[in-house]
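Every chain is numbered from 1, with letters handed out A, B, ... down the list of sequences.
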Amino acid sequence: MTFIKLEGLTKRFGGLTAVDEVDFEIEQGKITAIIGPNGAGKSTFFNLISGFHQPTSGSITFEGKDITKTPPHIVARLGIARTFQTTHLFDTSSVIDNIIVGYRLRTKSKLFDAILRTKREKREEKEAFERAIEVLDFVGLANLADSPVSTISQESKKRVAIALALATGPKVIFLDEPAAGINPGETEGLAELMKKIVDSGITVCTIEHKMQMIMGLADNIMVLNHGAKIAQGTPEEIQNNPTVIEAYLGGESSAEVI
Amino acid sequence: MSKVLNKRNGIIAVLILSLLFPLAFSDNKYVLYIMTLAFIYIIAIYGMNILAGYTGQLSLAHAGFFAIGAYSVGVLTTKAGLNFWLALLLAVLITMGIGFALGIIALRTKEHFFAIYTLIAGYLIYLLIYKWEGLTGGVRGLIGIPIPNAIGPIEFSSSIAMYYLVLFFLLLSIFVTVRIVHSLTGRTYNAIRNSEELAQTLGINTKLNKLVSFVISVSFAGLAGGLYASLVRFIGPEIAGTTMVFTFLMYLIVGGIGTLTGPIIGTMLFVWLEQYLQSFQEHRMLIFGPILTLIVIFYPRGIVGAIQSLRGYFRTRKKESSKSYTTNSESTDMKSREV
Amino acid sequence: EDGEETKKDEGKAPVSTEGSKVEELTIGYTGPLSGPAAFYGEETLKGLRMAAEEINDSGGFEVDGQKYTINLATLDDKYLPNEAAANAKRLVQEQDTKFIYTPHSGGVYAMQVFNEMEDFIVMAYTSEPGVTETGNKMTVRIPPRYDRYIEPFTKYEMERFGKKIAFLPTATQYGKDWADSLRPVWEANGGEVVFDESIDFSKDTDFQTIMTNALAKNPDVLFIGGPSQPTALVLKQARDLGFEGGFIIMDQAKLDEIAAVLGGSYDLLEGVISTPPLVTSRYGGTEAFIEKYRSQNDKDPGSESGFHYISLYILVEAMKAAGTVDDTEKIMAAMDQGAKNLPENKEVYYIKGVDDDGGFLPLLRMAYIENGEIVQMGEEK
Amino acid sequence: MLKLSDVTIKFGGFEALKNINLEVHEGELVVLLGANGAGKSTLFKTISGLNKMTSGDIQFNGNSISGAAPDRIVKTGIVQCAEGKKLFSEMSVQENLMMGGFVHRRKKAQLKQSLEETYDLFPILKEKKDDAAGSLSGGQQQMLAIGRALMAKPKLIMLDEPSIGLAPLIVEQMFCVIQSINRNGTTVLLAEQNANAALKIASRGYVIENGILVLQGNSKELFNNDDIRKAYIGA
Amino acid sequence: MELLLQQLFNGLTLGSVYILVAIGLTLVFGILHVPNFAHGALYLIGGYLTLMAMKGLGVHYFVAIIISMISVALIAILMERLVFNPLRNAPAIHDKIAAIGMVLFFDALVSLIWGNDYQRMITPYGDSVTIFGIATSYQRILVIVVAVVVVILLQLFLKKTMIGASIIAMAQNREGAFLVGINANAVAMMTFAISGALAAIAASISSPINLVFPAMGHIVILKAFVVVIIGGMGSVPGAIIGGLILGITESLGATYISNDYKDMIAFLLLIIIMTVRPKGLFAKGVY
Ligand SMILES: Nc1ncnc2c1ncn2[C@@H]1O[C@H](COP(=O)(O)OP(=O)(O)OP(=O)(O)O)[C@@H](O)[C@H]1O
Ligand SMILES: Nc1ncnc2c1ncn2[C@@H]1O[C@H](COP(=O)(O)OP(=O)(O)OP(=O)(O)O)[C@@H](O)[C@H]1O
Ligand SMILES: [Mg+2]
Ligand SMILES: [Mg+2]
């Protein structure tokens with residue numbers, strides 16, 4: 001059984017085809033990268049999988065189940081987590097409070113548990129808290145637990161966003177340009193983190209423009225252009241694919257340039 | 001730790017004060033009446049606070065639901081001859097039922113649209129009450145709503161008894177609010193207030209949560225309305241009006257929206273201020289209006305918010321970092337960057 | 001006795017040494033003094049103020065050997081019943097008053113919940129018969145009942161214009177009650193109600209739509225009413241749209257005010273029947289009252305002011321007759337006598353007496369416009 | 001041309017910029033390097049008049065512009081293409097560009113010509129000229145933002161991380177564009193983290209860390225500086 | 001048929017007033033993303049100022065309208081400077097409450113200065129006429145004419161001038177507007193001034209038909225919100241279509257359904273529209 005399987009995935013906005021008949025499979029336990037020029041439809045592609053947009057046509061299968069029309073909160077419960085291109089956090093809360101909410105989907109306490117303060121509520125609160133600390137540790141931010149999100153650095157925010165996604169207990173995590181806007185030193189750290197995530201058994205799928213990072217990291221790369229898949233393969237294959245070079249990487253250049 | 005003790009002591013002090021209050025004013029029915037009325041408003045405002053303050057959805061149909069609660073009690077007692085307690089229970093259930101139905105549709109809209117949608121929905125409730133004479137008595141209103149039936153030896157014919165009855169429900173409402181706010185459910189609401197989109201990605205069914213929050217919120221309004229009907233014992237359609245909902249909102253904002261004590265402080269302050277300013281008659285609004293505007297401009301988080309940030313300011317000055325993984329640390333001190 | 005619950009003013013009543021010491025008697029008032037109905041509230045209050053000032057200027061009044069002046073304690077209730085109730089509690093509590101005026105039925109109903117228990121008389125200015133028919137023993141209803149006008153109004157208009165009537169009164173309870181009383185009488189006299197809706201002056205900004213619809217039914221007579229100024233516009237609208245029939249106007253609107261809004265002449269009002277304006281009444285005290293009101297307010301008084309004015313005199317007379325200022329039961333019982341004792345030079349209106357329910361019984365007076373002139377008819381003193 | 005002396009900015013208790021001294025001469029392409037949160041955007045906003053200085057002075061062509069309102073500064077010829085683009089997302093691409101020429105709104109002919117020039121620079125914008133700006137992809141929006149800034153015919157254009165989130169191919173193009181803008185006579189002040197590419201086109205550079213200018217020099221020197229290589233080039 | 005025509009015309013008159021009020025509201029919403037609950041107060045003051053200029057200064061109706069427009073525009077500017085500008089970064093609920101504070105203030109001020117009674121504004125155009133079998137008055141025709149002229153001028157201003165476009169630009173991105181050299185404060189003030197002036201015109205041309213009284217603002221503002229929502233907040237064309245829809249629905253609803261329930265019909269219409277299109281009929285885009 002394939003882990004995630006996309007067949008003929010298409011999304012149109014009015015006259016514009018943002019994602020065009022994409023067939024693709026994401027392998028479990030690997031790092032998959034999606035690259036492509038701006039406006040190629042990468043973010044849209046994520047939005048489709050995570051249920052934020054309904055595909056115009058095509059299907060999405062996750063662990064054999066059809067999730068094409070599943071709403072985002074259910075998709076998340078099935079084990080698909082994501083981050084956003086522009087870092088998106090609960091800005092007025094502290095880091096730890098952010099992460100605790102991330103675990104909410106694994107808890108069952110309802111309103112009545114809250115009012116009656118049932119055993120379940122107490123147990124789950126403790127569980128959520130412990131889980132949050134654990135995840136924060138994992139991304140290396142345990143020391144920032146109590147800081148308000150609005151006061152931490154850009155890079156920390158990126159990590160919090162990843163931690164938040166991890167707190168949902170996902171099987172696969174989709175990262176939309178995690179390294180955008182952070183400097184090379186920090187980028188390396190982030191790559192490490194991604195490796196660590198995969199090693200812990202969670203599949204990673206990422207959008208990235210930083211070729212140097214991607215080429216060293218990804219097991220498999222898909223290239224989108226004008227919404228259509230123009231190539232897929234290992235980093236080496238992609239780097240040497242003339243179509244990709246022409247559409248994306250640029251004329252004489254190779255990945256090392258930037 | 002001493003802070004917790006302080007806080008607890010404060011709560012106990014206020015509680016004792018509210019319990020003893022009628023003894024000090026036992027022969028002043030006016031003061032008791034205003035106080036009881038204020039308590040009823042506070043119950044409704046707690047409901048508003050759960051939805052607007054904690055879940056981030058400003059519903060302006062709240063007075064409409066208050067009226068639905070009041071009219072349910074009114075109609076059920078005067079026309080169907082039901083026992084007050086049964087009527088009150090049914091009133092809350094009816095309010096919740098209508099809230100559920102309205103919530104499903106209204107929550108399709110967001111932000112300002114939700115606010116205005118609910119404003120109009122509230123106005124429709126008002127119009128409905130106003131026009132449906134057969135049931136509601138139309139503009140004339142409902143006359144002769146009975147006092148609550150005695151429970152065993154406890155009778156509710158005196159002002160003091162009504163005071164305690166309402167106080168009981170107020171404490172119950174506060175208790176429920178506190179429990180919700182400090183729970184996983186409360187965190188969920190908070191998350192939705194912060195960002196619905198993100199909450200969704202985290203597997204939170206935002207639609208359902210908002211709906212539940214809405215229904216809980218209106219149930220407070222329904223309860224308050226039912227109590228109002230039995231206190232004033234005469235109700236007219238104006239309790240569903242927009243003035244009423246803006247009054248609630250004003251009390252909430254000035255007290256501090258999204259805080260636990262805000263509804264009490266805002267309501268108490270304004271209810272008594274209005275009584276005090278009565279001597280200025282119609283010109284009081286010349287003072288009152290600008291005061292309101294100024295408070296909103298200079299103390300956007302209300303009185304409670306102002307006190308909190310003042311305290312937060314002193315606290316951070318004393319100790320740089322106190323590691324307590326508390327929820328909702330509402331301190332707003334910005335930009336303490338680690339280097 | 002319930003009366004024991006509120007403080008009795010032993011301390012307040014000093015041994016009266018031959019009227020040398022004058023006491024203050026507080027009369028409460030709660031009404032709309034702000035918001036949309038404030039104009040109405042102020043008019044009612046003006047009548048009370050004028051009477052109170054006169055009484056005080058003349059040194060007060062004497063009951064059972066003790067002299068009293070009147071202190072008017074006024075509170076604003078924005079026309080809201082619950083605020084009226086709160087104000088009443090406050091007036092009773094802080095001013096220790098036994099009499100509270102209010103000019104709206106909602107306030108009256110809200111006070112009737114507890115006025116017997118807390119021992120104060122509601123001085124209700126509402127022609128809504130319901131307020132005294134519910135059996136409350138401590139309510140005085142000041143203005144005349146509207147239902148007495150209905151028969152003569154119907155007869156006049158039917159004879160002059162025809163049998164088809166369109167209803168467009170104001171959408172208040174009062175307007176609806178009027179309509180409900182008028183309908184059966186009109187039909188019993190062989191007429192037909194061809195259009196039956198109401199105008200909401202607090203929500204509508206333009207009456208042309210409804211008027212068009214009403215006139216599409218070709219009525220001979222229109223039944224309209226509400227506050228004078230908008231009523232005048234409704235009337236004008238009807239004329240603008242070519243209506244040439246007659247009007248029955250509810251007693252709330254005043255013919256003179258309507259005429260004033262429409263430019264001063266009664267031409268557009270041809271065929272109207274309504275209650276006569278205060279300014280055209282001629283009783284013992286009318287002229288002096290009008291004079292005084294004009295000098296203070298630069299305009300003509302309306303009936304609200306006039307009725308409030310005499311009602312305070314009647315209340316004082318009732319207290320005198322009862323020989324007490326705080327035994328409410330006795331004062332209620334003496335109300336009829338109070339009306340009868342009203343000095344002639346204070347008679348802005350003539351009140352025959354007070355009925356058993358506490359309703360004033362004024363003379364039934366009507367006015368209609370014929371050839372641009374006001375013609376009066378009805379009971380004579 | 002532009003001269004900052006001892007510019008300091010505080011947000012509450014936090015000093016975002018400390019005694020910044022910086023100069024840009026006419027015709028230069030100067031790069032400002034710095035990590036996240038170093039203060040690049042803050043500096044730009046200050047020059048543009050969007051932030052209030054705590055102390056210090058900014059001069060442009062010999063005149064102090066400290067404390068001037070943002071629209072005045074645009075009129076004097078300093079235009080910024082800000083981080084986050086700040087486009088008018090519901091207006092069309094063309095309308096956005098026209099708004100860029102707001103300060104020259106009286107000179108209709110000049111505006112028309114600028115528009116053509118901008119379209120020549122970014123043909124994709126011409127293709128999408130009637131689309132709403134918000135519907136463009138990230139890269140297209142960045143081009144639009146630069147185009148809009150150029151419409152104001154700036155003497156000095158400040159570009160705040162124009163390469164952020166762009167595809168490598170586009171980044172390359174972007175730097176070419178910047179270079180050509182500079183060659184056409186517009187002075188450029190460029191904030192970047194991508195030191196490698198930036199230094200290739202720049203004549204001089206400054207390095208900012210935690211609100212302090214720690215290093216300056218011509219691009220060769222900076223490029224060969226070990227610390228810089230480590231921190232910003234990652235080689 | 002004649003009735004239908006007559007009622008369509010009535011609806012058009014109603015709609016014209018709604019449009020003028022709603023456009024001001026929608027423009028301000030566009031700029032500040034705040035529904036200005038105090039807009040009704042501007043309308044109220046506009047009505048009284050015109051009346052007072054006519055009565056007190058004895059000037060011609062049109063001169064009075066101009067005086068009123070200018071004064072209300074100034075008041076609106078003050079409102080922006082003193083209240084809405086400081087609240088720019090506050091949570092959305094706050095503006096509503098601050099606006100209510102102002103409504104309370106202005107209501108009290110109006111009744112203090114001018115009293116609480118209904119007043120009539122008599123203009124030279126009160127005479128009735130019959131055109132194509134429709135009975136009407138010159139004043140009603142004036143209402144429609146003024147609305148059409150104002151709407152056209154405003155559209156030209158917004159679409160054809162850069163200054164006008166700067167209003168739209170600022171509505172979409174305040175900081176972006178700064179960056180291209182738009183003086184954002186000036187634009188905000190200008191928008192409020194326009195909005196105030198429109199409220200003043202609306203009040204001045206409709207008062208002769210109705211009356212001038214302290215509650216006149218409350219009635220109109222709720223309807224204006226309905227219009228703005230039907231049309232999509234921030235959309236000027238939306239406000240125009242919304243105003244027509246509401247005005248005509250009201251007059252036809254009163255004719256063919258029930259006068260008593262005509263308000264309910266209007267509000268239900270809104271509820272239905274928003275249920276189907278949660279951002280109104282003409283809300284743009286997906287952002
Ligand atoms: N909600 C939407 N409505 C209309 N068009 C959209 C929407 N979202 C995306 N698009 C369009 O779809 C295309 C693909 O956009 P998308 O954001 O997926 O690109 P991307 O590959 O993530 O680009 P970038 O690298 O710049 O982020 C773009 O042309 C964009 O304008
Ligand atoms: N308005 C503000 N109030 C408080 N602090 C601010 C404000 N603006 C910026 N800062 C702080 O000033 C510091 C410098 O921020 P700035 O945005 O200038 O960095 P930058 O170098 O542009 O970083 P990036 O590469 O992320 O854009 C940061 O710590 C930021 O949090
Ligand atoms: Mg993207
Ligand atoms: Mg920056």
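Chain E forms more heavy-atom pairs under 4.5 Å with one residue of D:Glu95, D:Arg148, D:Arg72 than with any other, namely D:Arg148. Across E:Asn185, E:Val180, E:Thr161, the residue that shares the most heavy-atom pairs under 4.5 angstrom with chain D is E:Val180. Counting heavy-atom pairs closer than 4.5 Å to chain E, the top-ranked of the candidates D:Leu50, D:Asp71, D:Ile73 is D:Asp71. Counting heavy-atom pairs closer than 4.5 Å to chain E, the top residue among D:Ala152, D:Cys81, D:Ala69, D:Gly100 is D:Gly100.
Among all heavy-atom pairs drawn from D:Phe102 and E:Gly181, the shortest one is CD2-O, 3.7 Å. Considering all non-hydrogen atoms of both residues, E:Phe178 and D:Val74 come closest at O-CG2, 3.8 Å. Across all their heavy atoms, D:Ala82 and E:Leu179 have their closest contact at CB-CD1, 3.5 Å.
Proximity to chain D involves both the backbone and the side chain of E:Ala177, based on heavy atoms less than 4.5 angstrom apart. For a residue to count as touching a neighbouring chain, one of its non-hydrogen atoms must lie under 4.5 Å from one of that chain's; by this rule D:Leu87 touches chain E with the backbone only. Heavy atoms closer than 4.5 Å to chain E are found in the side chain of D:Val79, but not in its backbone.
The structure places CD of D:Gln80 at 8.0 Å from CD of E:Glu175, a figure rounded to the nearest 0.5 Å.
Using a 4.5 Å heavy-atom threshold, the side chains of D:Arg105 and E:Ile163 count as touching. D:Met99 has its side chain within reach of E:Ile182: a pair of non-hydrogen atoms, C-beta onward, lies under 4.5 Å apart.
A 6.0 Å sphere centred on NZ of D:Lys3 holds no more than 12 heavy atoms belonging to other residues, nucleotides or ligands.
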